[in-house]
Amino acid sequence: MKPNIKEFQEKINYKFKNEDLLITALTHSSYANECGGLYNERLEFLGDSVLGFITAEYFFSHRKTVPEGELTRLRAVTVCEKSLFGFAKEIDLGNYILLGKGEMNTGGRERPSILSDAFEAVIAAIYLDGGMDSAKEFVLRFVREAQGHKNEVAFRDHKTVLQEIIQRNPEEKLEYVLVGESGPAHDKIFEVEIHLNSNCIGRGSGHSKKLAEQAAAGEALKLMGVEK
């Protein structure tokens with residue numbers, strides 16, 4: 001059964017000019033062995049390199065004070081099989097892969113190696129069809145979300161800790177104020193200030209208002225000497 005190509009393109013928010021590239025990206029070797037035709041291993045090879053470049057450039061540009069070793073670790077974590085499997089699940093990739101009967105009957109649609117490889121093949125297909133800008137738009141959707149989640153986990157206690165400190169003095173008033181937005185719609189940066197009785201005690205930025213507020217709270221805690 002052929003995958004619903006139109007439906008999948010809507011899921012990934014990219015319309016192929018050459019749909020044959022996408023079909024190849026979604027074709028596992030087990031299907032090609034049974035039915036003939038091209039399969040996705042060559043595209044996977046290219047997609048791995050495109051993914052590596054995009055994530056390296058992203059971390060280089062957005063982590064300006066981070067040393068090379070940490071940049072390497074960030075990229076490795078982002079492009080590992082576990083992460084790619086998670087990205088693939090977000091777009092229900094397993095439902096669209098062409099598998100041989102044996103793979104299909106043994107749970108191939110949920111196998112991390114198959115889904116992560118197919119995800120890289122889709123990246124390559126988008127790159128060949130629409131160029132690097134299209135590939136970046138697709139990849140960074142997942143990278144930003146993954147990094148935003150990690151930042152949120154890392155900073156999740158800042159607002160709570162700050163609120164607990166301020167509540168010790170009931171007359172104090174704490175307010176988060178959005179003071180700026182920048183960047184294109186798909187990559188906005190929000191700037192937030194924390195005002196304590198109208199005085200700014202912290203400022204932070206992030207790819208969501210929530211992350212910006214957490215960053216601002218962290219700065220306020222540093223000012224208070226609560227965190228380093």
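Position 1 is the first residue of the sequence; numbering continues from there.
A continuous path of hydrophobic side-chain contacts links Tyr127 to Ile5 [ILVMFWY only; heavy atoms under 4.5 Å]. Note on Leu74: it does not cluster hydrophobically with Phe60, by side-chain heavy-atom contacts below 4.5 Å among ILVMFWY residues. The hydrophobic cluster containing Val179 does not contain Ile189, counting ILVMFWY residues as joined when their side-chain heavy atoms lie under 4.5 angstrom apart, directly or transitively. In the hydrophobic cluster analysis, where Ile, Leu, Val, Met, Phe, Trp and Tyr join through side-chain heavy atoms closer than 4.5 angstrom, Phe45 is grouped apart from Ile126. By the criterion of side-chain heavy atoms lying less than 4.5 angstrom apart, applied directly or through intervening Ile, Leu, Val, Met, Phe, Trp or Tyr residues, Ile114 is not grouped with Leu38; the two fall into different hydrophobic clusters.
Listed for the Ser83 side chain is no donor-acceptor partner under 3.5 Å among the backbone atoms of Val79. At distances below 3.5 Å, not a single donor-acceptor pair connects side-chain atoms of Arg75 with backbone N or O atoms of Phe53. No donor-acceptor distance shorter than 3.5 angstrom exists from the side chain of Glu213 to the backbone of Val192, with no hydrogens or angles considered. Remark: side-chain polar atoms of Asn40 are not paired, donor with acceptor, to backbone N or O of Ala121 under 3.5 angstrom. Using modelled atom types, no side-chain atom of Ser205 and backbone atom of Phe190 make a donor-acceptor pair closer than 3.5 Å. When atom types are taken as modelled, the side chain of Asp129 and the backbone of Phe16 share no donor-acceptor pair closer than 3.5 angstrom. Within the 3.5 Å criterion, the main-chain N or O of Asp20 finds a donor-acceptor partner in the side chain of Asn18. Side chain of Asn4 to main chain of Glu7: a donor-acceptor pair is present (N/O by atom type, distance under 3.5 Å, no hydrogens or angles).
If you check the side chains of Glu34 and Ser30, you find no donor sitting under 3.5 Å from an acceptor. No donor-acceptor contact under 3.5 angstrom links the side chains of Gln167 and Glu172, judged on distance only. For the residue pair Glu137/Tyr14, the side-chain donor-acceptor check at 3.5 Å is not satisfied. In this structure, a donor-acceptor pair under 3.5 Å is absent between the side chains of Tyr39 and Asn33.
Contact between Ala220 and Leu162 at its shortest, heavy atoms only, is CB-CD2, 4.1 Å. Ile123 and Gly47 make their closest contact through CG2-O, 4.2 Å (heavy atoms, listed as atom of the first residue, atom of the second, distance). Gly204 and Ala216 make their closest contact through N-CB, 3.5 Å (heavy atoms, listed as atom of the first residue, atom of the second, distance). The two residues Ala32 and Gly37 come nearest to each other via the heavy atoms CB-O, 3.6 Å. The heavy-atom pair separating Gly206 from Ala212 by the smallest distance is N-CB, 3.7 Å.
Residue Asn169 places its CG atom among more than 12 non-hydrogen atoms of other residues, nucleotides or ligands, all under 6.0 Å distant. Within 6.0 Å of the NZ atom in Lys82, the count of heavy atoms belonging to other residues, nucleotides or ligands does not exceed 12.
Residues Gln9 and Glu19 form a side-chain contact, since some pair of their non-hydrogen atoms from C-beta on lies under 4.5 Å apart. A 4.5 Å side-chain heavy-atom check between Ile91 and Phe138 finds at least one atom pair inside the cut-off. No side-chain heavy atom of Thr27 sits less than 4.5 Å from a side-chain heavy atom of Leu99. Residues Arg111 and Thr106 meet the side-chain proximity criterion, which asks for heavy atoms closer than 4.5 Å. Residues Leu174 and Ile201 form a side-chain contact, since some pair of their non-hydrogen atoms from C-beta on lies under 4.5 Å apart. Side-chain contact between Thr78 and Leu51 is absent, with no heavy atoms from C-beta onward closer than 4.5 Å.
Ring pair Phe119/Phe87 is tilted by interplanar angle, where 30° to 60° counts as tilted. Ring geometry, His62 versus Tyr58: the interplanar angle falls under 30°, so the pair is classed parallel (tilted spans 30 to 60°).
Ion pairing between Arg63 and Glu70 fails under the 4.0 Å rule for side-chain N and carboxylate O. Taking a cutoff of 4.0 Å between a charged side-chain nitrogen and a carboxylate oxygen, Glu10 and Lys15 do not qualify as a salt bridge.
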Stepwise salt bridge (Lys or Arg N to Asp or Glu O under 4.0 Å) check, Arg109 with Glu103: CA-CA 8 Å; Arg109 294 194 186 282; Glu103 284 289 356; over 6 Å; no
Residues Glu120, Ser116; criterion side chain to side chain donor-acceptor pair (under 3.5 Å); working and verdict: CA-CA 6 Å; Glu120 289 182 328; Ser116 60; over 6 Å; no
CA sep, side-chain torsions, deciding dist, call: Ile194, Val177, side-chain contact (heavy atoms from CB on, under 4.5 Å): CA-CA 6 Å; Ile194 297 181; Val177 180; over 6 Å; no
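Both tests hold for Lys159 against Tyr176: distance to the six-membered ring centre under 6.0 Å, angle to the ring axis within 45°.
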